[in-house]
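Worksheet for the structure shown next.
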Amino acid sequence: DIGIAQGEVLDYLGVDGREAPLAWAGEVRKAPGGQACDPWGTVPAGKGQPAWHPLAHLSSPEQLEQHAWPDPAQFDYAESARRAAHFESRCATRGPCGVSLFARVCSLCGTEKTLSLMRFEPALFEAAIDKVFAVAHETVRQYLDACGQHLDILSLRDVFAGDQGLLFDAPLFRSYIKPRLARLFEL
């Protein structure tokens, strides 16, 4: 902290874009180690790598049903809309920013487990990404209902590569990710 508000720094640097992120208003759960979880039940650690993967031992569809998935109604869309409206007249506003599909499955299961599921248990991977997609789709829909008139850019983020290159090949992307992303962008 250098004693200058982030917005002032961005204005000084001439950055003409701002985010209107999702704000969680639901209960903050705790991981077994006592750390606060994000709405998905994971504990983010450095560089976006979760320290707690609640579905690290995923082996059945029943485990997916038992997981406490975030309720899209528990996000504070009014706060996101307030932030988007605040920047609308002077900046390109983007959001919701924190929505991902593949990276979210990785945060729930761990990257190695997720890649293993994609290759060796595709039906279970597809069930997991479908659960993530269902929450993401409804969240983005409600976000756009609340903020759409103030947004310039629908911003969705995901991770498909690491330091050594792509995490999976194009046919897997086309099979699992592309159709779901297309449905999000149709909103």
**Asked** Distance-only, no hydrogens or angles: does the R83 side chain make a donor-acceptor pair with backbone N or O of E79 under 3.5 Å?
**Response** no
**Asked** Are F102 and F168 close enough that their ring centres sit under 6.0 Å apart?
**Response** yes
**Asked** Do the side chain of W40 and the main chain of V43 share a donor and acceptor less than 3.5 angstrom apart?
**Response** no
**Cluster check V99, F133: I/L/V/M/F/W/Y, side chain < 4.5 angstrom** = yes
**Message:** Any donor-acceptor pair under 3.5 Å linking the side-chain atoms of E62 with those of Q66?
**Reply:** no
**Item:** Passing candidate, side chain to side chain contact (heavy atoms under 4.5 Å, CB included) with L124, options C109, S116, P61
**Value:** P61
**Prompt:** In terms of side-chain geometry, is the basic nitrogen of K131 or E65 positioned less than 4.0 Å from the acidic oxygen of its partner?
**Reply:** yes
**Prompt:** Okay, side chain of D152, backbone of T93: is any donor-acceptor separation there less than 3.5 Å?
**Reply:** yes
**Prompt:** Is any NZ, NE, NH1 or NH2 atom of the basic residue among R157 and E19 found under 4.0 Å from an Asp or Glu carboxylate oxygen of the other?
**Reply:** yes
**Request:** Output all residues satisfying side chain to side chain contact (heavy atoms under 4.5 Å, CB included) with A103, sequence neighbours left out; order by chain, then residue number.
**Result:** S100, D158, V159
**Message:** Under the rule for side chain to side chain contact (heavy atoms under 4.5 Å, CB included), what residues qualify as partners of E112, not counting sequence neighbours?
**Reply:** none
**Request:** Verify whether the ring centers belonging to F160 and F173 lie closer than 6.0 Å.
**Result:** yes
**Asked** Parallel, tilted or perpendicular for H67 and W69, by the 30°/60° rule?
**Response** perpendicular
**Prompt:** Are the charged groups of R82 and D76 less than 4.0 angstrom apart, N to O?
**Reply:** no
**Request:** Please answer whether the main-chain N or O of G110 pairs with a side-chain N or O of T114 as donor and acceptor at a distance below 3.5 Å.
**Result:** yes
**Message:** Any side-chain to backbone donor/acceptor pair from W52 onto P32? Under 3.5 Å, distance only.
**Reply:** no
**Item:** Main-chain N/O of A68 paired with R29 side-chain donor or acceptor, under 3.5 Å
**Value:** yes
**Asked** Closest approach of S107 and H53, non-hydrogen atoms and distance?
**Response** O-ND1, 3.0 Å
